[in-house]
Visitor: 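I have a structure here, written as structure tokens, and I will follow up with some questions on it.
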Amino acid sequence: MSAVAPTATVPEIRIRALNDAPFRPDGDFVLYWMTAFRRVRGNFALDRAADLAHVFGRPLLVLEPLRCAYPWAADRFHRFILDGMEDNRRALERAGVTYFPYVETSPGAGKGLLAALAGHACAVVGDDWPGFFHPRMLSAAGSVPAACEVVDACGLLPLRATERPWPSAYAFRRMLQRTLPKHLDTMPAERPRRGLPGPAVIPRAVRKRWPPAHGALLSGQIGLETLPLDHAVGTVPLRGGATAARRRLREFLERLDRYLDERNEPEAAAASGLSPYLHFGHISTQEILQALAGREGWTPDRVAERATGKRTGWWGMSAAAEAFLDELVTWRELGLNAAFHMPSHQSYDSLPGWARRTLAEHAADPRPNSYDVPALEAGETHDPLWNAAQNQLRRHGVMHNYLRMLWGKKILEWSASPERALEVMVELNNKYALDGRDPNSYSGIFWCLGRYDRPWAPERPIFGRIRYMSSANTARKFRVKGYIAEHGGEKGVHVDDAVST
DNA sequence: ATCGGCTCGCGCAA
DNA sequence: TGCGCGAAGCCGAT
């Protein structure tokens, strides 16, 4: 099927057919079903849909749906996604592409919309994403009445460029250094293709049953009170969408030199803060790499010949840029690799053998401190640094990178079993973190339990040979007083937060 | 302040 | 088969 399809701009390896239905050249439009890469720039899936629309001489219709009944659905995620939808609405309007934002108003209301539109389409193109509910959703989507394919716009390395899960960042990095160069010269488009026929006509019956979301909902003039969400989780004072992502990227690059020495300092705003935007697909790795390249005067021919697996020296950029790229590319795509190749990556059994063994040997150790979920959730433990980190997560939807590790280690220490610790981490992270439910969130959580890590001595209670971390040592190594003052206790609540609840 | 040792499994060189 | 090496650690010795 893809033999008749043009692949001028999108590499074949990123395209996957979900069924063997033939293209329908006399369809009314090509449908792009946007669910993971919620952006118009740097999006191979949108590029592919636009290529097909061009070939068939038909309009492109972009459907961006938002369900309300997925696990942990809550105001903060809805608001963040809606911000992005408003950006997409504007950008597609400028490009002359028809945009259909759909926001479910009751659980399951959106069921049937994709199939109904597919019935009129030359082809359906969707987002190939290995995390959360996507794999199951995509395998069901193959039954729509049209040719349906999904495109991998996850990162620099196509998911299908590897054939197995990697056990360590070091080995994965060495593979990347060998493999990435041949993928760096194919970049997605910087803006949606112009000049396609249009507008696409959405059938009346479809508009009637699934009315497009009101502009005032996207722009925030209408609130989320009427939607069936967990309103108790609250919103966060962070704007979503591609425009905010781009602004954040520019700010980050202005202070990139601080990244090297200060990214682990809880009180320094040295980290990129891009994780929520990457999670919802509001910005692409390629756009970030291009911005770095511009700042560093870098071109792909600067990469080293030898693949050593070392963290620095391969890209041929400044030390700070390379440290950031190791997060953005090595660690992020390592998480995607796990999600893609290990359907069990969210289950305890996917931990390495040595980790499960040592944790099992200490499963019966007494737990001097233990807290139930409500106490943890509210940040009411004996540990002020941990409480501050948890409060930051609950109120802001993000947590400082270094403290995120400590946060997980303490949950292991305070839980009745490592399996229970995993459940609690997943619950709190997915409930409150904007980048929760991301493959990277899972690799971060599993790292706390030994994934991608090695055993450490001495063998300790509860942890066994799992790497141990303590709040006392963290306080010794970094400045944390201001962080605790800012996020600890009731007076840490900001005006923004008070407004949001 | 800095250093080594602790411990396991991998991937590569031999 | 051996060996070097690893997301951010910890602890005690110097």
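Model, not experiment: these values are computed from the prediction.
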Visitor: Validate the cation-pi geometry between A/R67 and A/F133: distance from NZ or CZ to the six-membered ring centre under 6.0 Å, angle to the ring axis within 45°.
Guide: yes

Visitor: In whole Å, I'd like the distance from the NE2 atom of A/H400 to the P atom of C/dA8.
Guide: 16 Å

Visitor: Please state the P separation for the pair C/dA7 and B/dT2 - nearest whole angstrom.
Guide: 22 Å

Visitor: So does A/R178 get a side-chain nitrogen or oxygen closer than 4.0 Å to the phosphate oxygens (OP1/OP2) of B/dC12?
Guide: yes

Visitor: Verify the contact: side-chain N or O of A/N473 to OP1 or OP2 of C/dC11, cut-off strictly under 4.0 Å; return yes or no.
Guide: yes

Visitor: Has A/R357 got a side-chain N or O lying under 4.0 Å from the OP1 or OP2 atom of B/dG9?
Guide: yes

Visitor: In whole Å, what separates the P atom of B/dG4 from that of C/dG4?
Guide: 15 Å

Visitor: Which part of the nucleic acid, if any, lies within contact of A/R465, taking any heavy atom under 4.0 Å across all strands shown: a base, the sugar-phosphate backbone alone, or nothing?
Guide: sugar-phosphate

Visitor: Determine the interatomic distance between P on B/dC3 and the same-named atom on C/dG6; round to the nearest Å.
Guide: 16 Å

Visitor: Hey, is A/W331 stacking on C/dA7? Ring centres under 5.5 Å, planes under 30°.
Guide: yes

Visitor: Does the Lys NZ or Arg CZ of A/R246 fall within the cation-pi geometry relative to A/Y277 - under 6.0 Å from the ring centre and within 45° of the axis?
Guide: no

Visitor: How many Å lie between OH on A/Y170 and P on C/dG6, as a whole number?
Guide: 6 Å

Visitor: Name the closest nucleotide to the A/A171 side chain, picking from B/dG11, C/dG6, C/dA8.
Guide: B/dG11

Visitor: For C/dA8, take OP1 and OP2 only and decide whether either is under 4.0 Å from a side-chain N or O of A/R467.
Guide: yes

Visitor: OP1, OP2 of B/dG11 versus side-chain N and O of A/R164: anything below 4.0 Å?
Guide: yes

Visitor: Figure out the CZ/P separation between A/F446 and C/dA7, and round it to whole Å.
Guide: 19 Å

Visitor: So that I can tick it off, tell me whether A/R160 and A/D128 are bridged by a salt bridge, with the cut-off set at under 4.0 angstrom between side-chain N and carboxylate O.
Guide: yes

Visitor: Would you say a side-chain N or O of A/S168 is under 4.0 Å from OP1 or OP2 of B/dG11?
Guide: no

Visitor: Does A/K409 make a cation-pi contact with A/W447, if we ask for NZ or CZ under 6.0 Å from the ring centre and within 45° of the axis?
Guide: yes

Visitor: Choose from C/dC10, B/dC8, C/dC5 the nucleotide whose nearest atom is closest to any side-chain atom of A/Y468.
Guide: C/dC10

Visitor: Taking atom P of B/dC10 as reference, at what distance in whole Å does atom CE of A/M175 sit?
Guide: 17 Å

Visitor: Please give, in whole Å, the distance from B/dC8 C1' to A/L359 CG?
Guide: 14 Å

Visitor: Among C/dA7, B/dC8, B/dC6, which nucleotide sits nearest the side chain of A/P455?
Guide: B/dC8

Visitor: Would you call the rings of A/Y371 and A/H382 parallel, tilted or perpendicular if under 30° counts as parallel and over 60° as perpendicular?
Guide: parallel

Visitor: Looking at every strand, decide which applies to A/M405 at a 4.0 Å heavy-atom threshold: base, sugar-phosphate, or nothing.
Guide: base

Visitor: Rounded to whole angstroms, how far apart are CZ on A/F172 and C1' on B/dG11?
Guide: 16 Å

Visitor: Give the nucleotide from the list C/dA7, B/dG11, C/dC10 with an atom nearest to the side chain of A/P167.
Guide: B/dG11

Visitor: With a 4.0 Å cut-off on heavy atoms, is A/R311 in touch with a base, just the backbone sugar-phosphate, or nothing at all?
Guide: sugar-phosphate

Visitor: Please give, in whole Å, the distance from B/dG5 P to A/W456 CH2?
Guide: 14 Å

Visitor: Any strand counts, and the cut-off is 3.5 Å on both contacts for Watson-Crick or G-U wobble. Which nucleotide pairs with B/dC6?
Guide: C/dG9

Visitor: Base, sugar-phosphate, or nothing for A/E459, non-hydrogen atoms under 4.0 angstrom?
Guide: nothing

Visitor: Could you state the atom-to-atom distance from CH2 of A/W447 to P of C/dA7 in whole Å?
Guide: 10 Å

Visitor: Does the Lys NZ or Arg CZ of A/R38 fall within the cation-pi geometry relative to A/F280 - under 6.0 Å from the ring centre and within 45° of the axis?
Guide: no

Visitor: Nearest of C/dA7, C/dC5, B/dC8 to any side-chain atom of A/K310?
Guide: C/dC5

Visitor: Report yes or no: is the cationic atom of A/R164 (NZ for Lys, CZ for Arg) closer than 6.0 Å to the six-membered ring centre of A/W166, at no more than 45° off its axis?
Guide: yes

